[in-house]
Amino acid sequence: MSDMQETAQRAKHNPLLAWAKNPVMGVLAVLIAIFAISAILSPYFLTAYNMSVVARGLAFVALVTIGQASLMILGELDLSLGTIGGLSGIIAGMLMVNAGLDPWLSMALALCMGATLGLVNGLLVTSLGLHSLVLTIGTAGIYGGAILVLTRGVAITDIPREMQFLGRGTLFGFPMPFVVMLVVLAFAVFLTMKTPFGRYMYAIGNNRDAARMLGIKVDTIRVLVFVMAGTLSALAGLLLVARLGTAQPSIGDTWVLGPIAAAVIGGVATTGGVGSILGAIFGAAIIGIIENIIVLFGVSPYWQGIVSGAIVVIAISFDAISRRWLRREG
Amino acid sequence: MLRFVQSTVASALLVATAAVPAVAQDDAGTQKKDSYRFVIIPKVVHPWFDKVNDGAQMAAAAIEAQSGSSVQIDYSAPQSADVVQQNQILESSIATRPDGIAIDLLDPAGNRASLEDAQYQEIPLTLFDSVPPEGMDIPYIGSDFCEQAKIASRRLVELLDGEGQVAIMMGVPSAPNHSIRAECHREVFAEHDGIEVVAEGIDNDDIQTAQKQAAAIMQANPELDGWVASDAAGPVGIGQAIVEAGKEGEVQLVGLDNLNEMLDLIRDGVADSSSASQPELQGYWSVMLLWQQATGAPVPTYIDTGNAFITQDNVDG
């Protein structure tokens, strides 16, 4: 019997071990540890207001992370998701403020535009056989440039009040953007874990050629996931416009590397076929909490990069070491 | 029973008194605490804001010396000039329940929701180097941004004898102080028929971006005669671009603010002069206003810290 078979046999007899060996649980353990340490060290961390700050901040980047992690499972990367979010927010703002369109119709049109920009990325990647990383560096430049052309760097103000509820309101005490993110997350987890579509995503990420030989419509699925990622980025951009009450040209600037880092911390491999959406969101939550506690602890802005980087390195090292230890014990 | 109620009420009063031992409930302006903690939130990590922080620390030392209360200044800056990041810092700071927050708004409309959170939680606010969102009652400190810009653009017109091609560096276009300065530069140039604004750049208050923008604009406009800027980083980048292009003396630069690099450009003769706001004073009076609010004292709506005009004659003086 091989080592792996032996380990699997032992894990079958020990549900706790099987649970602990799940990669998502390692990230979750790190998240819980950071959460607990923050709660112990700062009396302000667990207050209702601070929790709502953390949850709301997480919601925007998490929506983009869901899209980016889905693409990474396929073995793709989209560096234009931030600018898609920003451009969609600007378009929504222009439609509802400058053109006087109904806010909800404007939102729907902006979401469609996000989906279309994702579709453009997906079609260019699949039809021309381009590397998604390289292509989306270019499209990020185009979409980001379009933001500057449309706004000349000036924010669009006077976003209608009825739309601002989406960004500023609460539902059962939870910030609305967080509620929206939870709904999307539930859908994405179901899609990737419980449907054939999700299984095909992992198969494509593991070996695209083998997936094609199995009859999986590889390119169709790749394009659909690009569309989904574009739509989610647009949704994040719209929620942020609703939160700020203005459509800022800078929306999405921080959504390029952050979601990729969150997904990698959460166990999603950039090479495809490995990881989960839930793990990526836990990764995003780890980053969000670190950003929060750095302010709560009054860390000097000149030290913030070092401190947050060090916490991430310690966290993922802890995760890797504990997994190795569990494998040996298993 | 009556005795029980009386003793319970007395105990409750004792507990209530013990819970706030450091705050004396006196008249407005005379409330005193043993310690204060104020948060300073600039637009971005930037040397100009380090000078604001220096002024804030000076005010903290002054309050400690005069009142005996300890004063802590938490300086928390966004890593980039991004209103979303600034709001995150503002909201996280609100969660720590400080005695006051002084902030330089990146975009009043975009910062409004977070400022309303602070007001709702009764945390004293002061704005520096920026104006409050429309309809919000927040004391603010700064110099007359328009006048500061006009001092610079008038000087450039004077240097060019009222004739020539000029360019404006706009800073962060959505930042109100930068956009006000850019608009006031345009107003001054529009008053002179011989002055033509041939280009405007956006540097997002970043020296490297300013240098790249300025280099490109000078390439595209070889007849360019002079520059003004709307932010502190802008003239430093422009100065570097002028030196790299070998156009010292050929292209005039009237700068803004008093970063060390700006002062060096004046000393080296690359820039003629600079119209400088006084960041140390803005930091100093921000903390003073927060402290006054924390003591319950009424505070002025606006404090003008004035502008200085720096030339080779007074740069080291």
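Residue numbering restarts at 1 for every chain, and letters A, B, ... go by the order of the sequence lines.
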Please state whether the side chain, the backbone, both or neither of [X] comes within less than 4.5 Å of a heavy atom of chain B.
X: A/T246; result: side chain
X: A/R56; result: side chain
X: A/N292; result: both
X: A/I293; result: neither

Chain A heavy atoms under 4.5 Å from [X]: which part of the residue, side chain, backbone, both or neither?
X: B/D50; value: side chain
X: B/E134; value: neither
X: B/N87; value: side chain
X: B/Q121; value: side chain
X: B/I202; value: side chain

- prompt: For chain A, which of B/I94, B/I89, B/N111, B/V39 has the most heavy-atom pairs under 4.5 Å?
  reply: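 Result: the option with the highest number of such pairs is B/I94.
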field: Heavy-atom pair count under 4.5 Å with chain A, highest-scoring of B/N204, B/D74, B/D82
entry: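 Among B/N204, B/D74, B/D82, the one with the most close pairs to chain A is B/D82.
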field: Partner chain B: residue of A/G57, A/A48, A/A247, A/S52 with the largest heavy-atom pair count (under 4.5 Å)
entry: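 Heavy-atom pairs under 4.5 Å are most numerous for A/G57.
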